[in-house]
Student: 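This is the structure I have questions about; it appears just below.
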Amino acid sequence: QVQLVESGGGLVQAGGSLRLSCAASGLTFSSYAMGWFRQAPGKEREFVAAISWSGGSTSYADSVKGRFTISRDNAENTLVYLQMNSLKPEDTASYYCAATPSSEYNFLTRLLSSADYWGQGTQVTVSS
């Protein structure tokens, strides 16, 4: 049974930082592209960041470029991280981890079109 469990959310002041983690189990982690999405109240879920199975390719939403960094640990742990710096109130949302098998080259397309697995989410609240 595949499980994705997010952690690391919380309340932070604008300008602060948080690091989210997603622990994956029940899948061949190194074969899966991983992504982070978020959903604010009353809004649709939106893409935040993605990383290919190897970690060699990443992609970010324009709204977080230069502030957020996605990374993964294929060697020691089945974890994917989202380092969030210079947080803004508009970053407030529930953040979800997603996983899908893909090649090195179509990881973003696969995640955006139909991620196979989703976590339950972790809440991030940024106060002004």
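Count residues from 1 along the sequence. Worth saying up front: this structure is predicted, and the values here are computed from it rather than measured.
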Student: Specify the closest pair of heavy atoms between Met34 and Cys97, including all atoms of both residues, with the distance to one decimal.
Tutor: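 Nearest heavy atoms, Met34 then Cys97: CE-SG, 3.6 Å.
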Student: Within a strict 4.5 Å, meaning less than it, do heavy atoms of the Ile51 and Phe107 side chains meet?
Tutor: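 Side-chain contact under 4.5 Å: no.
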Student: Going by atom types only, do Glu6 and Ser21 share a side-chain donor-acceptor pair under 3.5 Å?
Tutor: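 No.
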Student: If you group Ile, Leu, Val, Met, Phe, Trp and Tyr by side-chain heavy-atom gaps below 4.5 Å, do Val64 and Val80 land in one group?
Tutor: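 Yes, same cluster.
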Student: Mark yes or no for whether Thr28, through its side chain, and Ser31, through its backbone, hold a donor-acceptor pair below 3.5 Å.
Tutor: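 No, because the side chain of Thr28 does not come within donor-acceptor range (under 3.5 Å) of the backbone of Ser31.
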Student: Minimum heavy-atom separation for Tyr96 to Gln39, with atom names?
Tutor: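 Minimum heavy-atom separation between Tyr96 and Gln39: CE1-CB, 4.3 Å.
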Student: From Glu44 CD over to Arg38 CZ, what is the distance, rounded to the nearest 0.5 angstrom?
Tutor: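 Answer for the CD-CZ pair, Glu44 versus Arg38, is 14.0 Å.
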Student: Counting C-beta onward and ignoring hydrogens, is there a side-chain heavy-atom pair between Leu112 and Phe37 closer than 4.5 Å?
Tutor: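 Answer yes - side chains close enough.
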Student: Between Leu20 and Met84, is any pair of side-chain heavy atoms under 4.5 Å apart?
Tutor: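 Yes; the side chains approach each other to less than 4.5 Å.
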Student: I want to check something: taking the side chain as every heavy atom from C-beta on, are Ser17 and Gln83 in contact at a cut-off of under 4.5 Å?
Tutor: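 Ser17 vs Gln83: side chains touch.
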Student: Show which residues join Tyr81 in its hydrophobic cluster (side-chain heavy-atom contacts under 4.5 Å, direct or indirect), or state none.
Tutor: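 Leu79, which link up through side-chain heavy atoms under 4.5 Å apart, make up the rest of the cluster.
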Student: Looking only at non-hydrogen atoms, find the nearest pair between Leu82 and Ala49 and report the distance.
Tutor: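 Scanning both residues completely, I find the closest heavy atoms to be CD1-CB, 4.1 Å.
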Student: Mind checking the OG1-CZ spacing from Thr58 to Phe68? Nearest 0.5 Å is all I need.
Tutor: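 Going from OG1 on Thr58 over to CZ on Phe68, the span is 14.0 Å.
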Student: Answer yes if Phe47 and Tyr117 sit in the same cluster of Ile, Leu, Val, Met, Phe, Trp and Tyr residues linked by side chain heavy atoms under 4.5 Å apart, and no otherwise.
Tutor: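 In one cluster with Phe47: Tyr117, no.
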Student: Got Thr92 and Val124 here, is their nearest side-chain heavy-atom distance under 4.5 Å?
Tutor: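 No, too far: nothing below the 4.5 Å cut-off.
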Student: Does Ala24 offer a backbone N or O that forms a donor-acceptor pair with the side chain of Thr78 under 3.5 Å?
Tutor: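 Between the backbone of Ala24 and the side chain of Thr78 there is a qualifying donor-acceptor contact (under 3.5 Å).
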Student: For the residue pair Arg110 / Thr100, report whether a side-chain donor-acceptor contact shorter than 3.5 Å exists.
Tutor: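 Note: Thr100 and Arg110 side chains meet the donor-acceptor criterion.
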Student: Rounded to the nearest 0.5 Å, how far apart are OG of Ser127 and CD of Gln13?
Tutor: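 That separation rounds to 5.0 Å.
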Student: Measuring only between side-chain heavy atoms, which start at C-beta, is Trp53 closer than 4.5 Å to Tyr32?
Tutor: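 They are not in side-chain contact.
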Student: Taking only Lys NZ, Arg NE, NH1 and NH2, and the carboxylate oxygens of Asp or Glu, determine whether Asp91 and Lys88 approach each other closer than 4.0 Å.
Tutor: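 Lys88 and Asp91: not salt-bridged.
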Student: Measure from NZ or CZ of Arg72 to the centre of the six-membered ring of Phe29 and say whether it is under 6.0 Å with the direction within 45° of the ring axis.
Tutor: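 So Arg72 does make the cation-pi contact.
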Student: Between Tyr60 (side chain only) and Ile70 (backbone N and O only), is there a donor and an acceptor less than 3.5 Å apart?
Tutor: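 Confirmed, Tyr60 side chain pairs with Ile70 backbone.
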Student: Does a sphere of radius 6.0 Å around CD in Glu46 hold more than 12 heavy atoms from other residues, nucleotides or ligands, not counting ones at 6.0 Å or beyond?
Tutor: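 Yes, the 6.0 Å shell around CD holds more than 12 heavy atoms from other groups.
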Student: List the atom of Leu87, the atom of Leu18, and the distance in Å for their closest heavy-atom pair.
Tutor: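 It is CD1-N, 3.9 Å.
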Student: Quick check: closest heavy atoms across Ser128 and Ala14, and the distance to 0.1 Å?
Tutor: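 Heavy atoms of Ser128 and Ala14 come nearest at CA-CB, 4.3 Å.
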Student: Is there a path of hydrophobic side-chain contacts, each under 4.5 Å between heavy atoms of I, L, V, M, F, W or Y residues, that connects Leu111 with Leu4?
Tutor: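 Unlinked, Leu111 and Leu4 end up in two clusters.
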Student: Please report the C-alpha distance between Ser103 and Asn106 in whole Å, then the side-chain angles of each, then the deciding distance to 0.1 Å, and finally whether the side-chain hydrogen bond (donor to acceptor under 3.5 Å, both in side chains) criterion is met.
Tutor: CA-CA 6 Å; Ser103 71; Asn106 72 344; 2.9 Å; yes
Student: Determine whether a donor-acceptor pair (N or O, by modelled atom type, separation under 3.5 Å) exists between the side chain of Ser52 and the backbone of Ser57.
Tutor: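 Yes; judged by distance alone, with no hydrogens or angles, the pair exists.
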Student: Are any non-hydrogen side-chain atoms of Pro101 and Asp116 less than 4.5 angstrom apart?
Tutor: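 Heavy-atom side-chain distance check passes, below 4.5 Å.
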Student: Using a distance-only test with no angle check, is there a side-chain donor-acceptor pair under 3.5 angstrom linking Glu104 and Ser54?
Tutor: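 Ser54 and Glu104 do have a side-chain donor-acceptor pair below 3.5 Å.
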Student: For Ala50 and Leu108, work out which heavy atoms get closest and say how close.
Tutor: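 Taking Ala50 first and Leu108 second, the nearest heavy atoms are CB-CD1, 4.1 Å.
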